[in-house]
Asker: 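One structure coming up, written as structure tokens, with questions to follow.
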Amino acid sequence: MKELEDVIRALWRAAADQDEGELARFFTVDAQILWPNTGERFDLPGYLRANCDYPGQWRGRVETIAGDGSYSVARVWSPEGDAARAVTFYRWRNGKIVQMTEYWGDVGPAPAWRRGLSLS
């Protein structure tokens, strides 16, 4: 659904701009945001604070969005050169996110023990 893809792209722009007001408009007031890698679970005010109080600036580029808007993959980076990918799953209610689950992973080379195996 093109309109959900547009929402997801706008959401990532607002998150990178750390614009709390703009970011909040994409979520229901009772939204839950889950970061399973760190075991964190946020309500909307907690998520907004975690995102908007993030130290430093970062940018992102959405690489993939499922045609039905159920998930996205984005590459994010900071000016210092750190990079990560986020795979985000969305549950929607009336065009707004009611649950968002994000898995973050560092972008980098395969570990040395696997590079030596010539597996890829």
Side-chain angles (χ1 to χ4, degrees):
M1 299 177 75
K2 178 71 170 126
E3 57 272 0
L4 291 180
E5 290 183 28
D6 292 343
V7 168
I8 292 168
R9 290 182 194 287
L11 165 77
W12 277 97
R13 281 191 299 275
D17 290 343
Q18 295 174 305
D19 184 335
E20 186 172 330
E22 180 67 8
L23 190 55
R25 76 179 185 88
F26 298 104
F27 295 88
T28 62
V29 295
D30 62 339
Q32 293 184 354
I33 294 84
L34 310 171
W35 290 351
N37 289 26
T38 55
E40 293 171 281
R41 177 186 206 107
F42 304 101
D43 60 6
L44 183 55
Y47 168 72
L48 295 172
R49 183 165 179 204
N51 186 82
C52 296
D53 287 358
Y54 179 82
Q57 187 61 49
W58 60 274
R59 286 285 157 229
R61 181 174 56 85
V62 177
E63 296 178 326
T64 304
I65 299 174
D68 63 358
S70 61
Y71 75 86
S72 68
V73 177
R75 182 177 176 129
V76 298
W77 62 90
S78 70
E80 294 82 31
D82 297 329
R85 274 205 175 79
V87 177
T88 309
F89 296 91
Y90 306 95
R91 285 189 34 223
W92 301 91
R93 183 191 312 139
N94 300 323
K96 293 191 177 232
I97 299 165
V98 68
Q99 186 178 63
M100 184 172 85
T101 304
E102 286 188 323
Y103 295 89
W104 288 82
D106 295 335
V107 172
W113 70 270
R114 273 202 316 263
R115 285 194 305 265
L117 296 176
S118 300
L119 298 174
S120 62

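Side-chain atoms are counted along with the backbone in the values below, which use heavy atoms only and exclude waters and symmetry mates. Just so it is clear, the model here is predicted, and its values are computed rather than measured.
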Asker: Quick one: do Asp17 and Arg59 make a salt bridge, cutoff under 4.0 Å?
Answerer: yes

Asker: Report yes if the side chains of Met100 and Leu11 come closer than 4.5 Å at any heavy-atom pair, otherwise no.
Answerer: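 Yes. Closest side-chain heavy atoms under 4.5 Å.
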
Asker: Cluster question for you: counting only ILVMFWY and a side-chain heavy-atom cut-off of under 4.5 Å, with indirect links fine, are Val62 and Val87 together?
Answerer: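 No, no single cluster joins them.
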
Asker: According to a hydrophobic-cluster definition based on side-chain heavy atoms being under 4.5 Å apart (Ile, Leu, Val, Met, Phe, Trp, Tyr only), do Phe27 and Trp92 belong together?
Answerer: yes

Asker: So which heavy atom on Asn37 is nearest to which on Trp104, and how close?
Answerer: ND2-O, 2.6 Å

Asker: Show your reasoning for whether side-chain contact (heavy atoms from CB on, under 4.5 Å) applies to Ser72 and Tyr90.
Answerer: CA-CA 8 Å; Ser72 68; Tyr90 306 95; 2.8 Å; yes

Asker: Within this structure, what is the CG-CD1 distance for the pair Leu4 and Ile97, rounded to the nearest 0.5 Å?
Answerer: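 CD1 of Ile97 is found 9.0 Å from CG of Leu4.
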
Asker: What heavy-atom pair brings Pro109 and Arg115 nearest, and what distance separates the two atoms?
Answerer: CB-NH1, 3.8 Å

Asker: Taking all heavy atoms of Ala24 and all of Leu48, pick out the closest pair and write down the distance.
Answerer: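 Scanning both residues completely, I find the closest heavy atoms to be CB-CD1, 3.8 Å.
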
Asker: Which is it for Leu34 and Gln99 under the side-chain contact (heavy atoms from CB on, under 4.5 Å) test, yes or no, and what are the steps along the way?
Answerer: CA-CA 8 Å; Leu34 310 171; Gln99 186 178 63; 3.5 Å; yes

Asker: Any idea which heavy atoms bring Gln18 and Tyr54 closest together, and the distance?
Answerer: NE2-O, 3.0 Å

Asker: For the NZ atom of Lys96 and the CZ atom of Phe26, what is their distance to the nearest 0.5 Å?
Answerer: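 Those atoms lie 9.0 Å apart.
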
Asker: Does the side chain of Thr88 pick up a donor-acceptor pair with the side chain of Tyr71 at under 3.5 Å?
Answerer: no

Asker: So, taking the atom named CD1 in Ile33 and the one named OH in Tyr47, what distance separates them when rounded to the nearest 0.5 Å?
Answerer: 7.0 Å

Asker: Would a distance-only check, ignoring hydrogens and angles, find a side-chain to backbone donor-acceptor pair under 3.5 Å from Gln57 to Ala16?
Answerer: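 Pair found, side chain donor or acceptor close to backbone of Ala16.
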
Asker: Check this for me, if you would: do Asp30 and Arg93 make a salt bridge, where the nitrogen-to-carboxylate-oxygen distance has to be below 4.0 angstrom?
Answerer: yes

Asker: With the threshold set at 4.0 Å, does a side-chain nitrogen-carboxylate oxygen contact exist between Glu63 and Arg85?
Answerer: yes

Asker: Rounded to the nearest 0.5 Å, how far apart are CZ of Arg91 and OG1 of Thr28?
Answerer: 9.5 Å

Asker: Could you give the distance from CZ (Arg25) to CG (Asp19), rounded to the nearest 0.5 Å?
Answerer: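 CG of Asp19 is found 9.5 Å from CZ of Arg25.
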
Asker: Pair Trp35, Tyr103 - check ring pair (Phe, Tyr, Trp, His ring centres under 6.0 Å), show working.
Answerer: CA-CA 6 Å; Trp35 290 351; Tyr103 295 89; over 10 Å; no

Asker: How many angstroms lie between CZ in Arg75 and CH2 in Trp12, if you round to the nearest 0.5 Å?
Answerer: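 Nearest 0.5 Å value for the CZ-CH2 distance: 13.0 Å.
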
Asker: Under the side-chain contact (heavy atoms from CB on, under 4.5 Å) rule, what do Ile65 and Arg9 come out as? Steps first, then yes or no, please.
Answerer: CA-CA 9 Å; Ile65 299 174; Arg9 290 182 194 287; 3.9 Å; yes

Asker: If you apply the rule side-chain contact (heavy atoms from CB on, under 4.5 Å), what do you find for Leu23 with Asn51, and how did you get there?
Answerer: CA-CA 9 Å; Leu23 190 55; Asn51 186 82; 3.6 Å; yes

